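Some notes on the structure that comes next.
Below, chains carry the letters A, B, ... as their sequence lines are ordered, and counting in each starts from 1. All figures in this text were calculated on a predicted structure; none of them were measured in a lab.
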Amino acid sequence: MSEFCMATHNAGELRSSDIGQDVVLCGWVWRRRDHGGLIFVDLRDHEGVTQLTFDPDNSGGEAFHTAEAIRPEWPIMVSGTVRARPEDTANPNLPTGEVEVLVHEVVVLNTSKTPPFQIEDGIDTAEDTRLRYRYLDLRRPEMQHNLKLRNDFTFALRSALHNQDFLEVETPSLAKSTPEGARDFIVPSRIQPGNFYALPQSPQLLKQLLMVGGIERYYQVAKCFRDEDLRADRQPEFTQVDLEMSFVTQDQVMGMVEHVLKEAFSAVGVNFETPLRRIGYWEAMDTYGSDKPDTRYGMHLVDVSDIFKASRFKVFASAANTEGERVKCINAKGAGAWPRAQIDKLEKVAKTFGAKGLAWIAFREDGSVNSPIVKFFSDEEMAALKERADVEPGDLVMFAACGRKQADEILGGMRCHMADALGIEREGHDFLWVVDFPMFEQDSATGRYSAEHHPFTLPVEQDVQLIDTDPLAVGSYTYDFVMDGFEAGGGGLRIHNADLQLKVLERLGFTEEKAKEQFGFLLEALSFGAPPMGGFALGLDRVCMLLVGADSIRDVMAFPKTSSGSDLMQGAPSQVSSAQLKDVSLRVD
RNA sequence: GGGGUGUUAGCUCAGCUGGUUAGAGCGCCGGCCUGUCACGUCGGAGGUCGAGGGUUCAAGUCCCUUACAUCCCGCCA
């Protein structure tokens, strides 16, 4: 293998061409098959598996004797001779299956307790057990592959960025708390009692300051921290490949991102056609009910408001005639054959997405129609609906009649749910840009405005005057990178003018005083000749999750946390001593 | 903060309308076995049924509380 290892070869590389060679292998005992007078051991390392043969006639009594005692997961070192397996005993399932190593000498490097679960792929061991013994879980070929792929992807990305003259710069993990976004993880300062650092939610502001600092092209494989509730695709600490460029247009940043992503995806064997398709935010919401649509299948949202303007079905007529409301539907092909009880359950699902109820029409295979609402429909309405929604026997049409945004969200959620429920095939990977997000969104309860992306995003020039008068109409220079229905990255141009930055912060409810207290360093920096800038951040964990086909980002992280934020292996978080608390002037209730 | 699902042997699970000593497969331990590769074969050990409380003559099973895991909603500038 190399001069830096006790082994001469790894356990995945021996072939017929190596027959006759004397080799040294190191690895873990995977399976042991003891035939009494002959013992086979499958030796596993990070590259593969090789069969070892212990034969008392050929390898001397001592090695054989040791082989009787060794057990799964013991690390051993063996020396022996590569030889062909006897005729008809080759194992076609193993790359090394043509050969075996006849062992002359074996050194037990360590013993092992019986592992709590078997170290092999396709196990269905509960995840908490895997996490409790993560170091054993990582020995499984599947996890080895996941971490390898993550490395290959990241390495290629680094290499591509390096070749484009990006400088990798580390930004601090002890930073200033900016609680406007996600909740911060905070770190008490011992030297300054009562003051706290925050772990960065992203290097956003610091990378902008690097642009002010003349770095011009920056990137970083950056750990980010957000103290929010977890999901299958959300961990409290995660990794972004973060980049920023000076003196660029939006198209130039997007072009650069496409270039480096193409290199990275190619490195892991994934086809990445450039330029990527672009969909506007409003079009995405209107058609897919999502700003991160999976476009590998249809089931588009269809606006049928005009059809029901004069309907006897009051719920629809009311929404169709009310400003800002819509009657929309999706057509789930195949679900029209579902039994009534199964369809009824969809109402519960719809409610999780914010619906008050769910109107539906099942078009049965035999041509009959089953629905609680069609009795209110005129023949014309039914005919128009069938035409608009492309209805055939076997279809299930579901409606949302309410505010436009809410209707999109409900049906967008149902679209994803039905795709899973119907097992719709999603072949290959789906990459696209969603562009032109609005600058602001409004909380329907409080009326307060918040930034759709973040407060440092550059608004479209001609919309700047609308910030005071019609903030929801202000566009922004933004782009999200969407992969297979996941937000896998995002970016935008940044405000590089201090006055404009202050104006945006004020729109978000900051007084000038408060803005300066929180972001004074940024405003000041922008006033010292900040260049036009823009950038991007890639959610590395999510991309890797999708690349390996995992259901959770935990499967592409070495030591992830549970959904309540615990590290089951280390036992974190944990209490600290009163002395430690005293050091940082804290008391726990 | 809310909702769904789950927790029985080391692992994965079964255990019906409450009723003897709680089962299976794998793993583990021991015997036999010179061509297996999910080796075979014979035998064996292994359980406070997540925890606490309640109903009952009787609780793995019913009720309440709680912990943990997991998925989703809220949340995630």
Side-chain angles (χ1 to χ4, degrees), chain A residues 30-43 49-59 64 71-73 85-94 96-97 100 102 113-120 122-133 136 178-184 201-202 204-205 224-236 238 345 348-355 409-410 413 416-417 420 439-441 443 445 448-457 487 490 492 504-505 508-510 518-519 539 551-552 554 561-566 568:
Chain A
W30 193 30
R31 274 195 257 270
R32 184 172 149 280
R33 293 177 293 281
D34 186 344
H35 289 248
L38 187 69
I39 298 173
F40 299 104
V41 166
D42 291 333
L43 186 77
V49 174
T50 299
Q51 173 165 291
L52 309 177
T53 305
F54 294 82
D55 182 342
D57 300 338
N58 275 306
S59 43
F64 184 82
R71 289 292 179 271
E73 298 312 314
R85 297 193 185 193
E87 225 173 317
D88 296 331
T89 64
N91 183 349
N93 300 320
L94 219 54
T96 60
E100 62 188 8
L102 178 66
K113 293 204 285 190
T114 301
F117 51 87
Q118 276 144 290
I119 312 300
E120 60 193 17
I123 59 166
D124 40 15
T125 301
E127 205 178 348
D128 49 345
T129 309
R130 291 173 53 200
L131 290 178
R132 165 93 174 73
Y133 302 95
L136 296 178
T178 54
E180 280 64 43
R183 268 183 285 265
D184 283 326
Q201 299 174 23
S202 88
Q204 181 61 38
L205 293 178
C224 303
F225 304 87
R226 292 177 191 175
D227 189 6
E228 295 293 344
D229 286 3
L230 280 59
R231 289 281 195 285
D233 64 343
R234 269 161 38 185
Q235 281 274 306
F238 60 100
K345 283 186 186 148
K348 260 183 111 173
V349 178
K351 282 180 174 168
T352 69
F353 298 119
E409 279 167 5
I410 293 164
C416 294
H417 176 83
D420 288 339
M439 183 73 197
F440 302 102
E441 60 185 346
D443 186 312
R448 283 194 50 180
Y449 293 97
S450 59
E452 175 77 37
H453 257 81
H454 57 63
F456 319 108
T457 301
E487 182 191 331
V504 167
L505 287 172
L508 295 172
F510 284 83
Q518 199 71 251
F519 300 111
D551 291 325
S552 153
R554 295 186 295 271
K561 298 191 172 46
T562 69
S563 64
S564 63
S566 292
L568 296 177

Side chain of [X]: nearest nucleotide among [options]?
| X | options | value |
| --- | --- | --- |
| A/Ala232 | B/C37, B/C72, B/U70 | B/C72 |
| A/Arg554 | B/U12, B/U36, B/C71 | B/C71 |
| A/Arg85 | B/A77, B/C73, B/C37 | B/C37 |
| A/Arg231 | B/U34, B/A77, B/C73 | B/C73 |
| A/Glu100 | B/G35, B/C39, B/A77 | B/G35 |
| A/Ala182 | B/U34, B/C37, B/C76 | B/C76 |
| A/Asn91 | B/C37, B/G35, B/C28 | B/C37 |
| A/Thr89 | B/C72, B/A77, B/U36 | B/U36 |

Requested in this report: Please indicate whether A/Asp420 has more than 12 foreign heavy atoms, meaning atoms of other residues, nucleotides or ligands, lying under 6.0 Å from its CG.
Outcome: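 Counting other residues, nucleotides and ligands, CG of A/Asp420 exceeds 12 neighbours.
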[atom1]-based separation of [M] from [N] [nearest Å]:
| N | M | atom1 | value |
| --- | --- | --- | --- |
| B/C33 | B/U41 | C1' | 8 Å |
| B/A22 | B/A9 | C1' | 11 Å |
| B/A59 | B/A69 | C1' | 25 Å |
| B/G25 | B/U8 | C1' | 15 Å |
| B/G31 | B/U48 | P | 28 Å |
| B/G46 | B/G52 | C1' | 27 Å |
| B/G54 | B/G60 | P | 15 Å |
| B/C76 | B/A14 | P | 39 Å |

Classify the nucleic acid contact of [X] as base, sugar-phosphate or nothing, counting any heavy atom under 4.0 Å across all strands shown.
| X | value |
| --- | --- |
| A/Asp124 | sugar-phosphate |
| A/Thr178 | nothing |
| A/Gln204 | base |

Would the distance check show the side chain of [X] and the main-chain N or O of [Y] forming a donor-acceptor pair, the cut-off being under 3.5 Å?
| X | Y | value |
| --- | --- | --- |
| A/Arg554 | A/Lys561 | no |
| A/His454 | A/Phe456 | yes |
| A/Ser566 | A/Leu568 | no |
| A/Arg448 | A/Leu508 | yes |
| A/Trp30 | A/Glu120 | no |
| A/Glu228 | A/Arg183 | yes |

**Report entry** Face-to-face stacking of A/His35 with B/C33, centres under 5.5 angstrom, angle under 30°
**Finding:**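 No, the aromatic ring of A/His35 does not stack with the base.
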Could you go through nucleotides 2-10 of chain B and list every protein N or O atom that sits under 3.5 Å from one of its N or O atoms, giving the distance for each pair?
from, atom 1, to, atom 2, distance (Å)
B/G10, O2', A/Pro116, O, 2.9

Taking a pair as Watson-Crick or G-U wobble with both distances under 3.5 Å, which nucleotide is matched to [N]?
| N | result |
| --- | --- |
| B/C75 | none |
| B/C11 | B/G25 |
| B/G6 | B/C68 |
| B/G40 | B/C32 |

Between [atom2] on [N] and [atom1] on [X], what's the gap in Å once rounded to a whole number?
| X | N | atom1 | atom2 | result |
| --- | --- | --- | --- | --- |
| A/Gln235 | B/U70 | CD | C1' | 13 Å |
| A/Asp443 | B/G74 | CG | C1' | 12 Å |
| A/Asp551 | B/C72 | CG | C1' | 14 Å |
| A/Asp34 | B/G30 | CG | P | 11 Å |
| A/Glu228 | B/C75 | CD | C1' | 5 Å |
| A/Asp233 | B/C71 | CG | P | 9 Å |
| A/Gln201 | B/C75 | CD | C1' | 12 Å |
| A/Asp128 | B/G50 | CG | C1' | 11 Å |

Distance below 4.0 Å between [X] side-chain N/O and [N] OP1 or OP2:
| X | N | value |
| --- | --- | --- |
| A/Arg130 | B/C11 | no |
| A/Ser563 | B/U70 | yes |
| A/Arg32 | B/U36 | no |
| A/Thr562 | B/A69 | yes |
| A/Arg31 | B/C39 | yes |
| A/Arg33 | B/U36 | no |

Query raised in the report: Toward the 5' end of RNA chain B, which comes first, A/Asp229 or A/Gly37, by nearest nucleotide?
Result: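 Of the two residues, A/Gly37 wins.
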Query raised in the report: Start at the 5' end of RNA chain B and walk down; is the nucleotide closest to A/His454 or to A/Ala90 reached first?
Result: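 The residue closer to the strand's 5' end, by nearest nucleotide, is A/Ala90.
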**Report entry** N-O pairing of A/Arg33 and A/Asp42 below 4.0 Å
**Finding:**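 Judged by the 4.0 Å cut-off on N to carboxylate O distance, A/Arg33 and A/Asp42 do form a salt bridge.
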Of all the heavy-atom pairs spanning [X] and [Y], show the shortest one and how long it is.
| X | Y | answer |
| --- | --- | --- |
| A/Asp184 | A/Gln201 | OD1-NE2, 2.5 Å |
| A/Met439 | A/Pro455 | CE-O, 4.5 Å |
| A/Thr125 | A/Arg130 | O-CD, 3.7 Å |
| A/Thr50 | A/Thr96 | CA-OG1, 3.8 Å |

Protein-nucleotides 41-48 of chain B N/O pairs under 3.5 Å:
none

Query raised in the report: For the base of B/G35, is there a side-chain donor-acceptor partner from A/Asp88 under 3.5 Å away?
Result: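 Answer no: no donor N or O sits under 3.5 Å from an acceptor.
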Query raised in the report: On a plain distance test, is the side chain of A/Arg234 in donor-acceptor contact with the base of B/C76 below 3.5 Å?
Result: yes
**Report entry** Output field: ring centroids A/Phe54/A/Phe40 closer than 6.0 Å
**Finding:** no
Query raised in the report: Going through the distances and angles, do A/Asp34 and A/Arg32 end up as a salt bridge (charged side-chain N to carboxylate O under 4.0 Å, His left out)?
Result: CA-CA 6 Å; A/Asp34 186 344; A/Arg32 184 172 149 280; 3.2 Å; yes
